[in-house]
Amino acid sequence: MTQRSGAGPDLSKTPGVEVDAATDPLVRSAVRKSVRRLVPFVALLYFVNYLDRTNIAFAGPGGMNDALRLSGPMFGFASGIFFLGYLLLEVPSNMALHRFGARRWIARILVTWGIIASLVTFVPNAGTLYLLRFLLGVAEAGFFPGIILYLTFWFPQRERARMTALFMVAVPLSTAIGSPLSSLLIEHGHGWFGLDGWRVMFLAEGVPAVLLGVVTWFFLTDRPEAARWLAPAERDALQRTLDAEQRTRETAYKVTILESLTRPRVWALAFVYFGVVYGLYALGFFLPTIIAGFAQQYGADYSIMQRGLINAIPYVIGAIAMIPWALHGDRTRERVWHVALPSIVGGIAIPVALYLGSPFAAMVAVSVCAIGIMSALPTFWALPTNFLSGAAAASGIALINSVGNSAGFLAPYITGWLKDGTGSQKPGLWAVGIAMVLGGVLAVILKTLPPAKDETAAQEVKV
C-alpha cells in the first residue's frame, strides 16, 4: 500500500468491512428490505419538504409579488430569509435527532413546518411574509441533514451514494411534478375559499406535511436493531456490519464533536456543497421568472401552466441522470470526480443559456446545469460520511448542510439584486456558474479522505 504525499492513504482497493457487507446474503437481504420500506417514504417527505420551501418561486410571478408589492430584491429576501432560521438551528436539531431518535424528531419537524407553511396562505403584507418564511426555516431545521444521518444508520458505506440519490431524487421530482401542480393550483384554484390562486397553492401544499408527520411517528424505525419487519438474522447481520464500519471509522479518524465543527476539511467540504447548492436554489427560485421573461427576450409568450411544464423539463432530465451517476460512483468507489465533474460542467452551462438564440437552446443549457447539480448532490454526501461517524457525524453533517445552504439565502437575494441593478438576468447567472465551478475545483483539491490517525484501521475504510 502506497500513500500519496500530503494526502490520506489510497484506500480504493483495500479489503475490509465493506467487502463483508457486499457478500453477506443476510446483509444484502436486509438492505433490499430496508430500501423498499424506508427510502420511498423519506423521499416522499423530502418531496413535500422541498416543495414547501420553494413554491414561493411560483407564487411570486403568479400574483404574490403584485399583491404584496414585492420588488426583485424583496422577493429574493422573502425567498432566502427561510435559510437564516434554517441555518441557526441545523446543528442543535441534528444533535437532538441523534439523541431522541429519528422517528420522533422528524415527525415533530414535519408537523411544525406544515402548520407554518399553511399559514403563509393568509399573509397580508411583505413583513408578515418575511416572518413566516423565517419561522418556516426554524421549523424545518435539521430535516435534510437528519435524513442523511438516518441513512447512515441503515445502509453500509458502499451503498450510500445510491441510497442518497434515491432519496434526493425527490428534489428534481418535486420541481418536475410540483411545477405544473403549483401552476395548476394558481391558475385554476383562484377563487377557492375566496382566496387568490397563489394563496390556495400555499394551503394545498402545506397541509400534507402535517398529515405525514403523524404517519412518520408510527411508520419510521430508528435503527435496524428495532426493525420487527426484518428477520432476526437479517437485523443482527445488518446492525453488526454497520457497527463494525462505525468502529473502524472512529478508530481510523478519531473525530470528536468539537473537531467536526472546527476542522478545516469539514468547512472546506461545506464550501464545496455551497457551490452546488448555490446553483440548485438559484435555478429553483428564479427559473420560473426566467421562463416568464422569454416573452420579452424571444417573443415567446406562455400561459402559467405552460411555464410550469417548461420549468419541469430540466428537473425530469436531472432526475433521470442522478441515479445512474450515483450507481457508477458506488460501483467504482470513486467520489471526488463524481462530485467535481458535474459541478464544473453545470457551472459552465448555466451562463451560456443566456447567450443562446431561442427558448429551446436556452433550456438545453439549463438542463445541462440541472444534470450537473443533481448528479453532484448525492455523491457529495459520501465524502463527509467516509470519516465522520456517531455524534460527530450528526454535528458535522449538520454544519456542512448549514453552511452550504447559506447559498439558499444568498443565491436568490444576489440574483434578484443583480437583476434589479443591471436590468438583466446575466450577471446573476454568471455568479451561479462561478460558484459551481469553484466548488468543483475545491473538491478536486481536497481529494477523498483526510490523513488517518490510525493507519492500520484506515486500511479497512473504503472510499
Side-chain angles (χ1 to χ4, degrees), residues 30-31 33-50 52-53 86 89-114 137-157 159-171 208-230 234-235 238-243 245-246 249 257 260 378 381-382 384-385 388-402 405:
V31 166
K33 290 181 181 179
S34 301
V35 171
R36 288 196 298 266
R37 180 179 175 89
L38 299 176
V39 174
F41 184 72
V42 295
L44 173 63
L45 300 185
Y46 194 33
F47 176 95
V48 175
N49 173 265
Y50 195 77
D52 279 344
R53 74 169 66 171
Y86 186 80
L89 294 177
E90 281 281 80
V91 173
S93 180
N94 226 32
M95 297 303 292
L97 183 146
H98 189 267
R99 169 68 178 82
F100 298 113
R103 179 178 63 87
R104 294 182 180 87
W105 198 249
I106 292 173
R108 192 282 306 163
I109 290 174
L110 281 157
V111 171
T112 52
W113 109 48
V138 170
E140 285 192 22
F143 175 78
F144 177 81
I147 296 294
I148 294 295
L149 180 65
Y150 182 65
L151 294 176
T152 71
F153 297 163
W154 283 92
F155 300 107
Q157 181 69 31
E159 305 277 354
R160 212 157 286 160
R162 177 168 66 98
M163 297 308 153
T164 306
L166 290 172
F167 158 61
M168 292 191 70
V169 77
V171 173
V210 179
L211 302 178
L212 284 169
V214 177
V215 175
T216 297
W217 183 273
F218 297 100
F219 185 80
L220 278 192
T221 307
D222 284 333
R223 305 235 184 195
E225 61 191 4
R228 300 304 169 208
W229 40 270
L230 290 176
E234 294 171 334
R235 186 166 62 234
L238 179 57
Q239 189 67 63
R240 187 168 57 248
T241 297
L242 293 165
D243 290 344
E245 284 192 355
Q246 178 170 328
R249 282 192 297 273
I257 294 175
S260 75
W381 287 107
T385 56
L388 296 174
S389 59
S395 53
I397 289 170
L399 175 67
I400 290 168
N401 191 63
S402 180
N405 272 281

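Nothing here was measured: the structure is a model prediction, and the numbers come from that model.
Atom OG1 of Thr216 and atom CD1 of Ile109 lie 10.0 Å apart (nearest 0.5 Å). Distance CG/Asp243 to CG/Leu238: 9.0 Å, rounded to 0.5 Å. Atom CZ in Arg37 sits 5.0 Å away from atom OG1 in Thr221 (nearest 0.5 Å). The CG atom of Leu97 sits 12.0 Å away from the CZ atom of Arg103 when rounded to the nearest 0.5 Å. Separating the CG atom in Asn401 from the CD1 atom in Ile147 is a distance of 11.5 Å, to the nearest 0.5 Å. Distance check: Leu149 CG to Met95 CE gives 9.5 Å after rounding to the nearest 0.5 Å.
The shortest heavy-atom contact between Thr112 and Ala139 is OG1-CB, 3.7 Å. Among all heavy-atom pairs drawn from Ala102 and Asp222, the shortest one is N-OD1, 3.0 Å. For Glu225 against Gln239, the heavy-atom pair with the smallest separation is N-OE1, 3.1 Å. The two residues Ile106 and Leu45 make their nearest non-hydrogen contact at CG2-CD1, 4.1 Å. Taking every heavy atom of both residues into account, Arg235 and Ala226 meet most closely at CD-N, 4.3 Å. Contact record, Ala107 with Gly213: CB-O, 3.4 Å, taken as the closest heavy-atom pair.
Residues forming a ring-ring contact (aromatic ring centres under 6.0 Å, His included) with Phe143 (at least two apart in sequence, or on another chain): Trp113. By the side-chain hydrogen bond (donor to acceptor under 3.5 Å, both in side chains) test, Ser395 is found to be paired with Ser260, residues two or more places apart in sequence or in another chain being considered.
In this structure, Phe100 and Trp105 have parallel ring planes: the angle between them is below the 30° cut-off, well short of the 60° mark. The aromatic rings of Phe219 and Phe41 are tilted relative to each other, their planes meeting at an angle between 30° and 60°.
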*asked:* Please determine whether side chain to side chain contact (heavy atoms under 4.5 Å, CB included) holds for the pair Glu234 and Ser34, giving the CA-CA distance in whole Å, both sets of side-chain angles, and the decisive distance to 0.1 Å.
replied: CA-CA 10 Å; Glu234 294 171 334; Ser34 301; over 6 Å; no

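For residues 143-154, the side-chain hydrogen bond (donor to acceptor under 3.5 Å, both in side chains) pairs, not counting sequence neighbours, are Tyr150-Trp154.
By the 4.5 Å heavy-atom criterion applied to side chains, Val39 and Phe155 are counted as neighbours.
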